[in-house]
Amino acid sequence: MVAVDPIRLADYKPWPFALPEIALDVDLRSDQVVVTSDLSLEPLSTNVPLILRGVELTLDGLAVDGEPLDPSTWIQEGDRLTVTGLPDRPFVLTTRCSIDPFNNTSLEGLYTSGGMLTTQCEAEGFRRITFHPDRPDVLSRWRVRIEADRHRYPVLLSNGNAVQSLELGSDRHAVLWEDPFPKPSYLFALVAGDLREIRDSFTTTSGRTVALRLHVEAGDEPFTAHAMESLKRSMQWDECTYNLEYDLDEYNIVAVRHFNMGAMENKSLNIFNSKLVLADAETATDGELERIESVIAHEYFHNWSGNRITCRDWFQLSLKEGLTVFRDQNFTADLHSAAVKRIDDVAMLRNTQFREDAGPTAHPVKPSEYQAIDNFYTTTIYEKGAELIRMLHTLLGSKRFMRGMATYVSRFDGTAATTEDFVQAIADGACANGETLGFDLEQFKRWYHQAGTPQLTVERSWEARSGRLTLHLRQQTPPTPEQPVKQPLVLPIAMALIGSTGRQGEERLLVFDQEEQVIEIGAVPGPQPPALSILRRFSAPVTLQMDMTLEETLQLLAADDDPFSRWEAGQRLSRQVLLARAAAEPDATVESALIHALRQSLVDMDVQQGSELAVLLSLPGMAELEACQEPVDPLALFDAMQSWRSVLGCELKSELHDLLEQCRSQWSQPWPKGQGARSLTGVAWSWLLAAGDAQTPAEALNAVSGPSMTLARAALRALQRHAGPEREEALRVFYDRWKDKPVILDAWFGLEASTPRSDGLKRVKDLLEHPRFDPLAPNALRAVLGGFMANVPLFHAIDGSGYTFIAEQIVDVDQRNPVTASRMVKVFSRWRSYALERQLVMQEAIQLLDVPALSSNTREVVVMLKA
Ligand code: PHE
Ligand code: ZN
């Protein structure tokens with residue numbers, strides 16, 4: 001398997017033309033689409049050939065200033081159209097081409113979803129619509145005319161403002177759209193279909209009224225209120241927090257069933273995976289409602305962080321994504337519980353990004369080369385990117401950071417910028433009044449270029465007589481592909497000392513930027529050293545190595561005033577318990593101490609703090625545990641979790657029943673109220689079921705037909721691990737109730753595929769043949785195949801049957817949808833961390849991916865896995 005030549009950051013050159021204006025005419029016919037494009041081009045240097053990109057386009061005509069071009073002056077090779085001998089003055093290049101969206105299963109460019117036509121252009125999809133440079137640093141003003149059959153496509157949408165509607169003869173009509181804000185091609189969007197509109201409005205602080213329009217398929221109208229309210233909250237928040245207003249008269253969101261990702265921030269025409277729009281308490285869980293709110297916010301926030309200021313090239317992807325994730329995280333923190341949000345985000349970072357950083361696909365937040373940019377929409381670009389911005393925020397403090405943001409916006413509005421531009425603007429704004437930065441900016445930028453999760457080691461010495469406490473800090477980032485040697489980074493380390501009654505003294509921020517450093521904390525007299533609360537709020541995305549006694553951990557768990565650190569103390573103990581169990585050496589001391597502490601929390605806290613309590617009780621994720629095990633034994637970890645749940649259920653039985661009693665009275669509170677009680681219910685059910693409690697199966701089964709989707713799904717999850725009539729009945733009831741709602745039925749597909757049954761593999765194969773399974777919908781594929789990959793006993797069966805099955809499925813999906821297939825391949829990325837026997841069967845499965853027809857996207861990931 002050979003790799004193709006990568007694209008390199010070092011090779012960046014500006015495009016040699018300006019393209020101030022584009023006029024597109026998109027003629028939707030019954031069997032094809034004809035796209036006529038007028039590009040107004042201005043050469044920026046003399047005699048350079050014009051190179052445009054086009055993929056799967058049939059070129060029907062090419063003209064300059066209306067004159068057809070002589071065939072000797074242009075050539076089409078692969079995905080390039082090269083035109084020479086062009087005038088040295090501004091001119092208009094007209095191309096006319098036809099495309100076939102009706103057979104486009106890649107979900108890039110123009111494609112069909114249900115009866116509608118829709119687009120996805122990020123990152124390089126526009127070249128599947130017409131010839132264009134298709135790079136983010138070429139910004140133009142767009143005018144788009146869409147013509148279509150009036151009955152089949154009554155709604156015709158594009159970016160900007162609808163300036164004209166025309167009724168044409170023979171059942172055809174047209175709409176003309178104009179977007180006054182220059183934008184790159186990846187933000188272009190077009191939708192045509194028989195869609196129902198839900199309308200609302202928002203008045204900005206400066207008094208402008210914005211029409212908010214949500215477009216969904218007929219029948220889905222009742223499930224749009226949550227999305228609409230979320231949009232208004234997002235607009236409000238960005239005005240209050242960043243002083244940023246929306247800039248057009250309308251804002252459109254379209255819900256689409258067939259979509260590769262979550263959602264897309266096309267200027268004024270967001271396109272959303274329908275699962276991130278359609279929801280209410282009966283049809284979505286609390287977690288899904290919060291996620292929808294945050295994705296609506298994310299796409300809305302992109303209007304400034306991404307659209308008004310865009311990326312110079314795709315190496316800068318985190319410029320918009322890291323920043324926008326940081327913004328949506330803070331939005332959720334402000335609207336709900338900041339502590340719970342931070343804990344959720346850290347858990348997710350550890351289980352996805354740290355895992356990526358530790359494997360063959362590790363890459364920096366700012367990569368220096370890539371083959372397929374689609375493969376770089378990763379948790380490193382998004383979530384680690386957001387952590388870098390969070391560190392700047394921590395280092396500078398909120399006020400100075402916000403001044404930096406204002407500088408960034410005013411300096412780069414209307415342009416395509418780089419991450420260096422961003423960091424410099426933040427620093428300049430923060431120091432505008434002559435302040436000093438307080439850290440080395442150049443060194444901070446290493447975070448963008450260096451892959452891998454730094455390890456922070458803390459050793460302590462405490463002199464009993466004087467009470468002098470000294471910290472010895474060390475940092476080291478392990479080697480990653482192509483980066484064997486690492487340099488020290490700027491680590492903001494928030495710390496405090498915790499006594500038995502809480503924090504002693506102020507929190508301090510240490511800026512640790514050496515490989516090694518000794519820091520005197522000062523004299524802390526007392527009979528014993530105080531507990532050290534370090535990396536509070538997870539102030540830097542690192543792994544921490546620090547010896548901590550059981551007593552100290554328990555003290556933090558009981559008395560730390562930082563909720564994140566309290567949670568972290570509990571997680572530390574849970575990890576110890578689970579790893580010891582997985583090694584068949586249960587640690588009775590830690591287990592009883594943890595049970596005692598959890599009992600205490602159950603008694604001390606009440607359901608009003610339900611969400612905080614629920615995260616405290618949550619067990620670490622598989623990926624996180626795998627990172628601590630060598631070699632990784634997934635089956636042992638899976639069993640350890642289940643046996644530990646059963647111990648917790650037995651030991652805490654009466655407390656859990658008391659808790660459930662309190663929770664029940666809050667079950668029907670509408671989100672966001674009642675969510676704490678509902679998540680506690682899920683924990684209690686799962687532990688009690690594991691312990692064989694007699695009452696729980698009936699109550700759980702009952703919830704599946706009840707009014708709360710959160711409880712229904714919690715019940716299904718808890719029942720899932722327990723073979724028995726209740727489990728089968730619960731799945732059947734859920735199916736019968738929701739079989740006509742594809743968005744919800746995906747949850748059923750996911751549950752079926754992840755249920756550990758002895759005949760599970762056969763049943764998963766049957767799911768792929770199920771009449772309601774749609775093999776063209778990534779959501780459905782992810783539900784079944786993703787569900788199976790999370791089915792630990794089946795996916796990791798030591799005979800390799802699970803690995804083989806997934807490899808074969810990936811090859812199959814790849815033929816239709818390379819973007820979705822290449823994301824799935826990453827499930828094999830940690831094959832080297834397993835014991836030899838498992839490595840061998842996994843390698844055999846990876847070998848099955850080596851087929852000549854494999855897409856370049858998927859091939860790139862496979863090559864990385866094998867390297
Ligand atoms: N830019 C989108 C977002 O994060 C994600 C996306 C990327 C969607 C590529 C589709 C294709 O908001
Ligand atoms: Zn984004």
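Along the sequence shown, residues are numbered consecutively beginning with 1. Counting starts at 1 for both ligands and their atoms, in listed order.
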Quick check on contacts: which atoms of ligand 1 are under 4.0 angstrom from a heavy atom of M261?
6 (C), 7 (C), 8 (C), 9 (C), 10 (C), 11 (C)
Has E265 got an N/O/S atom less than 2.8 Å from the Zn ion (ligand 2)?
no
In terms of relative ring orientation, are F331 and F301 parallel, tilted or perpendicular, with 30° and 60° separating the classes?
perpendicular
Restricting to N, O or S atoms of H302, which is nearest to the Zn ion (ligand 2)?
NE2
Is there any N or O on E299 that sits under 3.5 Å from an N or O of ligand 1?
yes
Any N/O of H298 closer than 3.5 Å to an N/O of ligand 1?
yes
Decide whether S855 and D814 meet the rule of one side-chain donor and one side-chain acceptor closer than 3.5 Å.
yes
Show which atoms of ligand 1 fall inside a sub-4.0 Å distance from at least one heavy-atom site of E265.
1 (N), 2 (C), 3 (C), 12 (O)
Looking at E321, the N/O/S atom that lies nearest to the Zn ion (ligand 2) is called OE1
F315 and Y370 aromatic centres sub-6.0 Å
yes
The closest protein heavy-atom partner of atom 5 (C) of ligand 1 is Y382 OH, 3.3 Å
Which is it for E122 and ligand 1 at heavy atoms under 4.0 Å: side chain, backbone, both or neither?
both
Atom 11 (C) of ligand 1 sits nearest the protein heavy atom Q120 NE2, 3.1 Å
When you check the side-chain N and O atoms of E321 and H298, is any donor under 3.5 Å from an acceptor?
yes
Evaluate Y246 against W304 for ring pair (Phe, Tyr, Trp, His ring centres under 6.0 Å), listing each step before the verdict.
CA-CA 9 Å; Y246 187 60; W304 282 95; 9.6 Å; no
Is it true that the side chains of N103 and Y111 contain a donor and an acceptor less than 3.5 Å apart?
no
Ignoring hydrogens and angles, state whether a donor on the side chain of N270 or N252 is under 3.5 Å from an acceptor on the partner side chain.
no
Can you tell me which portion of A263 lies within the under-4.0 Å heavy-atom range of ligand 1? Options are side chain, backbone, both, or neither.
backbone
Which is it for K320 and ligand 1 at heavy atoms under 4.0 Å: side chain, backbone, both or neither?
side chain
Are S268 and N159 linked by a side-chain donor-acceptor pair shorter than 3.5 Å?
no
